[in-house]
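Just below is one structure, and these are the notes that go with it.
All residue numbers refer to positions in the sequence shown, counting from 1. All figures in this text were calculated on a predicted structure; none of them were measured in a lab. Just so it is clear, the values below take in all heavy atoms, side chains as well, and ignore hydrogens, waters and symmetry mates.
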Amino acid sequence: MSLSLKKILTLVFVREPGKILLGMKKRGFGCGRWNGFGGKVEKGETILQGAKRELLEECGVSAKHLESVGLINFEFENEPEILEVHVFQASKYTGEPIETEEMRPQWYKESEIPFHLMWPDDELWFPYLLSGKQFEAFFLFRGMDVVLEYWIKEKGLN
Ligand SMILES: CSc1nc2ncnc(N)c2[nH]1
């Protein structure tokens, strides 16, 4: 059993009734796609603190309460590193979203989410996010555009 390297990441979606805030990634991993806000968890901070920090850094929104909504493990074929992504949503926050070097924020109606300009996994798990169902999921990617295998499980409150 090879040592599977895990990278802990965060992903935050800001919500308003019938709307969700997405960010157009302007550089780096996932550039050119509408994403959630988030990134790495730094030494000495909790996953929750990392999520709040990344949201503030990437679009100027300060989450007052983050709700854990999902846990997704991403594997990429022939790569040893597994991305463990902790997904949160914020409905209590301060600050208007602003564009940064990383992200261009935009509100989308939940009925008009631009899945064709997002990671291909999103269309599969967004129904859980949008319906407030907690979930766990796994996606095996080939490159950046093809999902080879996946599963999604609804999670009761633990
Ligand atoms: C690595 S696969 C992935 N799916 C995603 N969906 C939304 N925002 C991200 N940053 C995502 N990354």
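Residue Leu22 is grouped with residue Phe115 when hydrophobic side chains (ILVMFWY) are merged at heavy-atom distances under 4.5 angstrom, including chains of intermediate members. Residues Trp125 and Leu83 share a single hydrophobic cluster, defined by chaining ILVMFWY side chains whose heavy atoms lie under 4.5 Å apart. Residues Tyr93 and Ile47 share a single hydrophobic cluster, defined by chaining ILVMFWY side chains whose heavy atoms lie under 4.5 Å apart. Ile82 and Tyr150 fall into different hydrophobic clusters, where Ile, Leu, Val, Met, Phe, Trp and Tyr residues are linked whenever their side-chain heavy atoms come under 4.5 Å apart, directly or through other members. A continuous path of hydrophobic side-chain contacts links Val87 to Phe29 [ILVMFWY only; heavy atoms under 4.5 Å].
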CA sep, side-chain torsions, deciding dist, call: Phe141, Val147, side-chain contact (heavy atoms from CB on, under 4.5 Å): CA-CA 5 Å; Phe141 270 79; Val147 175; 4.0 Å; yes

From CA spacing to verdict: side-chain contact (heavy atoms from CB on, under 4.5 Å), Glu123, Met118: CA-CA 8 Å; Glu123 197 156 12; Met118 295 169 76; over 6 Å; no

Trace of the side-chain contact (heavy atoms from CB on, under 4.5 Å) decision for Val146 with Glu77: CA-CA 10 Å; Val146 174; Glu77 210 182 21; over 6 Å; no

Test log, rule side-chain contact (heavy atoms from CB on, under 4.5 Å), inputs Leu9 and Phe74: CA-CA 11 Å; Leu9 299 168; Phe74 292 108; over 6 Å; no

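Residue pairs meeting the side-chain hydrogen bond (donor to acceptor under 3.5 Å, both in side chains) criterion with at least one member in residues 111-120, sequence neighbours excluded: Asn35-Trp119. Applying the salt bridge (Lys or Arg N to Asp or Glu O under 4.0 Å) test to pairs two or more places apart or on separate chains, those with a residue in residues 45-57 are Glu42-Arg53, Glu45-Arg53, Arg53-Glu57. Legend: ring-ring contact (aromatic ring centres under 6.0 Å, His included) pairs involving residues 32-60, not counting sequence neighbours, sorted by first then second residue: Trp34-Tyr108.
In this structure, CE in Met24 is found 8.5 Å from CD in Gln106, a value given to the nearest 0.5 Å. Summarising the geometry, atom NZ belonging to Lys155 is positioned 12.0 Å from atom CZ belonging to Phe135; distances are rounded to the nearest 0.5 Å. The distance from the CD atom of Glu58 to the CE atom of Met103 is 4.5 Å, given to the nearest 0.5 Å. Taken to the nearest 0.5 Å, the CD1 atom of Ile8 stands 12.5 Å off from the OG1 atom of Thr46. Here Leu117 contributes atom CG and Asp122 contributes atom CG; the two are 11.5 Å apart, rounded to the nearest 0.5 Å. Of the inter-residue distances, the one linking Leu21 atom CG with Leu55 atom CG reads 8.0 Å to the nearest 0.5 angstrom.
Shortest non-hydrogen contact noted between Trp107 and Glu16 is CH2-CG, 3.5 Å. Scanning all heavy atoms of the two residues, the minimum distance from Gly95 to Val61 falls at O-CG2, 3.8 Å. Between Ile152 and Ala137, the shortest heavy-atom distance links the atoms CG1-CB, 4.0 Å. Across all non-hydrogen atoms, the minimal contact from Gly28 to Lys25 is C-NZ, 3.9 Å. Of all the heavy atoms in Pro120 and Asp145, the pair that sits closest is CG-O, 3.6 Å.
Residues that satisfy the side chain to side chain contact (heavy atoms under 4.5 Å, CB included) test with Leu71, not counting sequence neighbours, are Glu84, His86, Glu136. Here Asn78 pairs with nothing under the side chain to side chain donor-acceptor pair (under 3.5 Å) rule; sequence neighbours left out. Listed by chain and residue number, Glu75, Phe138, Leu148, Glu149 satisfy the side chain to side chain contact (heavy atoms under 4.5 Å, CB included) test with Leu140 (two or more places apart in sequence, or in another chain).
Put simply, the side chain of Leu130 reaches to within 4.5 Å of the side chain of Arg15, judged on heavy atoms.
Ser68 places no side-chain N or O within 3.5 Å of a backbone atom of Phe88 that could act as its donor or acceptor partner. Under the 3.5 Å distance criterion, the side-chain polar atoms of Glu110 are left unmatched by any main-chain donor or acceptor of Ile20.
More than 12 heavy atoms of other residues, nucleotides or ligands sit less than 6.0 Å from atom NZ of Lys26.
Classification of Glu102 and Arg27 as a salt-bridged pair holds, one side-chain N sitting under 4.0 Å from a carboxylate O.
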